[in-house]
Amino acid sequence: MMKKTVLVSLIFFVSGISVLAQNRLVNEVKKEISGMTLTVDNYKNSLKKINKALESDETKDKAETWWIAGKIQYSIYDKMMANKAVGEKINSTEAGLALIDGYEKLQTALHIDTLIVLDKKGNPIIDKKTGKTKVKTKYSQEIMNKIVDHVVDYSAVAGDFYLAGDWSNAYKAWDIYCVIAKCPWAIRKKVNDPDSIVGYNRFYQGLAAYQNKDYVKAIEQLANARNLGYRKKALYDAWIDALIKQQDTIYLVSVAHEAHDMLGAKDPRYVRILINHYLKAKNYDEANSLLDEVIKSDSTVAEYYDLKGRLAEIQEDIDAALPFYRKAVELNPDLGIALFDLGNALYNKAIVNNDHRSNDALRLYEEALPYLEKAHKLMPHNENAKKVLSRIYYVTGSKKIDEL
């Protein structure tokens with residue numbers, strides 16, 4: 001029995017030493033970083049020490065430990081920026097990572113910075129209104145001040161990450177900026193940014209996600225940017241590209257419609273998406289109405305006439321479509337899809353009576369060939385152009401597709 005008592009006492013004694021050691025380490029680091037002339041290396045050494053406390057069972061659940069660790073990371077960033085201001089070269093990636101890690105550590109500190117309010121007898125005080133135990137915070141105000149004081153810095157380091165091709169950290173830094181810029185504490189301190197600036201940052205956050213091939217996040221942030229008032233053409237172009245990658249047809253049509261309504265006939269792609277949607281839905285009246293509208297707005301865009309030709313071919317026949325295809329090629333001799341549509345229409349006109357080698361058919365093949373050959377050159381991966389060319393070469397015996 002005596003041996004057991006001694007063993008238990010020894011365990012508690014060793015445990016007590018461990019707790020004291022970890023608390024002493026936290027206090028030591030706290031004292032270290034209170035110095036006024038610390039270098040970046042000094043802060044890094046202090047960070048190594050406090051990281052041990054973050055892993056210790058005795059101190060990892062204390063808000064103070066995380067507050068000190070986060071504060072050190074902010075100090076590393078601040079010191080690096082001060083060095084940069086006097087002409088010293090710094091590692092921008094290292095500075096940005098310190099700022100991000102500092103934020104994440106302070107978020108942990110905020111989460112656990114809760115103290116139960118006790119009465120004089122040491123019992124928890126119950127809030128009469130809520131019926132819950134009253135709590136207070138010790139470090140949260142200092143933490144939030146530290147975070148919001150660096151709000152603009154997150155946008156700056158996000159730009160550095162983006163230029164360096166580090167899309168993931170660029171996305172993360174822009175997200176932190178946008179969260180801080182709209183938080184109640186920033187509003188209270190009057191350092192919050194207006195929707196227009198936050199929207200601009202959300203736009204670039206969406207671009208970072210797109211570059212990282214995370215199209216779901218790209219779509220989400222580009223939509224957020226639009227909702228905050230950022231409605232530039234570049235946003236709609238990136239948004240549409242991401243939706244195409246995700247094969248989200250319904251959302252794509254909605255965004256293309258909005259882009260067209262807002263920007264007018266500035267990009268034929270918006271119209272093409274809408275026309276293709278109308279054609280699939282056999283909504284020919286809407287398609288004609290839209291094409292007539294954009295051609296009236298700008299009669300120099302070849303793609304509008306090409307789309308008008310496709311619509312005429314579906315609704316009427318090849319002869320009705322040919323004038324539109326010819327007009328499209330006349331306006332833009334290098335528009336591959338218009339060259340193909342014209343050449344393909346001439347080929348289909350040639351074989352309409354299943355007489356593949358008649359004089360009329362041969363004449364139409366001859367007329368179609370230069371359009372199709374140029375279309376194939378401009379769009380080498382277009383299998384339809386390759387297929388039609390192969391058929392004409394086979395019938396006429398003029399050459400093989402491999403000879404192109």
Side-chain angles (χ1 to χ4, degrees), residues 25-55 63-110 139-181 183 185-186 189 191-193 197-198 200-202 204-205 207-208 211-212:
L25 175 61
V26 172
N27 289 329
E28 179 186 331
V29 173
K30 186 162 59 172
K31 185 177 180 181
E32 282 179 358
I33 64 173
S34 64
M36 299 297 290
T37 58
L38 294 184
T39 65
V40 171
D41 287 339
N42 291 148
Y43 283 121
K44 287 181 179 179
N45 288 332
S46 296
L47 185 63
K48 287 179 182 178
K49 291 180 183 179
I50 201 68
N51 280 340
K52 293 178 183 178
L54 294 178
E55 297 171 359
E64 182 183 33
T65 313
W66 291 94
W67 161 228
I68 293 170
K71 186 159 57 171
I72 291 172
Q73 287 287 43
Y74 276 89
S75 296
I76 289 173
Y77 173 81
D78 290 341
K79 187 63 179 178
M80 291 181 79
M81 291 300 104
N83 292 344
K84 183 180 179 180
V86 295
E88 185 177 319
K89 287 186 178 181
I90 67 163
N91 185 325
S92 296
T93 296
E94 186 181 353
L97 290 173
L99 199 62
I100 289 175
D101 188 60
Y103 176 83
E104 291 174 347
K105 283 180 166 58
L106 293 192
Q107 290 303 301
T108 302
L110 283 171
Y139 303 102
S140 293
Q141 184 170 333
E142 289 179 276
I143 289 170
M144 287 308 303
N145 284 337
K146 179 69 69 176
I147 289 172
V148 300
D149 284 347
H150 287 81
V151 58
V152 177
D153 296 315
Y154 283 100
S155 179
V157 300
D160 289 338
F161 283 129
Y162 189 89
L163 291 174
D166 187 344
W167 319 121
S168 181
N169 279 313
Y171 181 94
K172 192 181 294 185
W174 266 312
D175 196 56
I176 294 171
Y177 160 78
C178 292
V179 169
I180 299 171
C183 78
W185 199 265
K189 291 198 70 177
V191 295
N192 59 301
D193 282 331
I197 295 177
V198 178
Y200 177 78
N201 281 267
R202 284 292 188 197
Y204 275 101
Q205 185 187 4
L207 288 188
Q211 296 284 8
N212 208 31

Pairwise distance [atom1]([X]) to [atom2]([Y]) - rounded to 0.5 angstrom:
{"X": "Asn169", "Y": "Ile100", "atom1": "CG", "atom2": "CD1", "result": "4.5 Å"}
{"X": "Lys49", "Y": "Leu54", "atom1": "NZ", "atom2": "CG", "result": "14.5 Å"}
{"X": "Ile176", "Y": "Asp153", "atom1": "CD1", "atom2": "CG", "result": "11.5 Å"}
{"X": "Asp41", "Y": "Ile76", "atom1": "CG", "atom2": "CD1", "result": "9.5 Å"}
{"X": "Ser168", "Y": "Gln211", "atom1": "OG", "atom2": "CD", "result": "13.5 Å"}
{"X": "Lys79", "Y": "Leu38", "atom1": "NZ", "atom2": "CG", "result": "8.0 Å"}

side-chain contact (heavy atoms from CB on, under 4.5 Å) evaluation trace for Ile180 with His150: CA-CA 9 Å; Ile180 299 171; His150 287 81; over 6 Å; no
Within the structure provided, determine whether [X] and [Y] are in side-chain contact (heavy-atom separation under 4.5 Å).
{"X": "Met81", "Y": "Ile90", "value": "yes"}
{"X": "Lys89", "Y": "Asn83", "value": "no"}
{"X": "Met80", "Y": "Val40", "value": "yes"}
{"X": "Asn145", "Y": "Gln141", "value": "yes"}
{"X": "Ile143", "Y": "Ile147", "value": "yes"}

List the atom of [X], the atom of [Y], and the distance in Å for their closest heavy-atom pair.
{"X": "Leu106", "Y": "Gly70", "answer": "CD2-CA, 3.7 Å"}
{"X": "Ala173", "Y": "Ala158", "answer": "CB-CB, 3.6 Å"}
{"X": "Gln73", "Y": "Gly102", "answer": "CB-CA, 3.6 Å"}
{"X": "Cys178", "Y": "Gln205", "answer": "SG-OE1, 4.4 Å"}
{"X": "Leu47", "Y": "Ala69", "answer": "CD1-O, 3.9 Å"}
{"X": "Ser92", "Y": "Asp160", "answer": "CB-OD2, 4.3 Å"}

Check whether any side-chain N or O of Tyr154 sits under 3.5 Å from a backbone N or O of Leu99 as a donor-acceptor pair, and report yes or no.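 Yes; judged by distance alone, with no hydrogens or angles, the pair exists.
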side-chain contact (heavy atoms from CB on, under 4.5 Å) evaluation trace for Ile50 with Thr65: CA-CA 7 Å; Ile50 201 68; Thr65 313; 4.3 Å; yes
Without hydrogens or angle criteria, can the side chains of [X] and [Y] be said to hold a donor-acceptor pair below 3.5 Å?
{"X": "Tyr177", "Y": "Asp193", "value": "yes"}
{"X": "Thr39", "Y": "Asn42", "value": "yes"}
{"X": "Asn192", "Y": "Trp185", "value": "no"}
{"X": "Asn212", "Y": "Tyr171", "value": "no"}

Check each of Phe161, Tyr162, Tyr204, Trp174 against Trp167 using the ring-ring contact (aromatic ring centres under 6.0 Å, His included) test, and report the only one that passes.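 Option passing the ring-ring contact (aromatic ring centres under 6.0 Å, His included) with Trp167: Tyr162.
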Determine, stepwise, if the pair Asp101 / Leu97 fulfils side-chain contact (heavy atoms from CB on, under 4.5 Å). CA-CA 6 Å; Asp101 188 60; Leu97 290 173; over 6 Å; no
Testing Ile68, Ile72, Asn51 one by one against Ser46 for a side chain to side chain contact (heavy atoms under 4.5 Å, CB included), which residue passes? Ile72
Over 12 foreign heavy atoms within 6.0 Å of NZ, Lys189: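 Yes - once you tally the heavy atoms of other residues, nucleotides and ligands closer than 6.0 Å, there are more than 12.
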Let's go through Lys146 and Trp67 carefully: what are the C-alpha distance in whole Å and the side-chain angles of both, what is the deciding distance for side-chain contact (heavy atoms from CB on, under 4.5 Å) to 0.1 Å, and is it a yes or a no? CA-CA 10 Å; Lys146 179 69 69 176; Trp67 161 228; 4.3 Å; yes
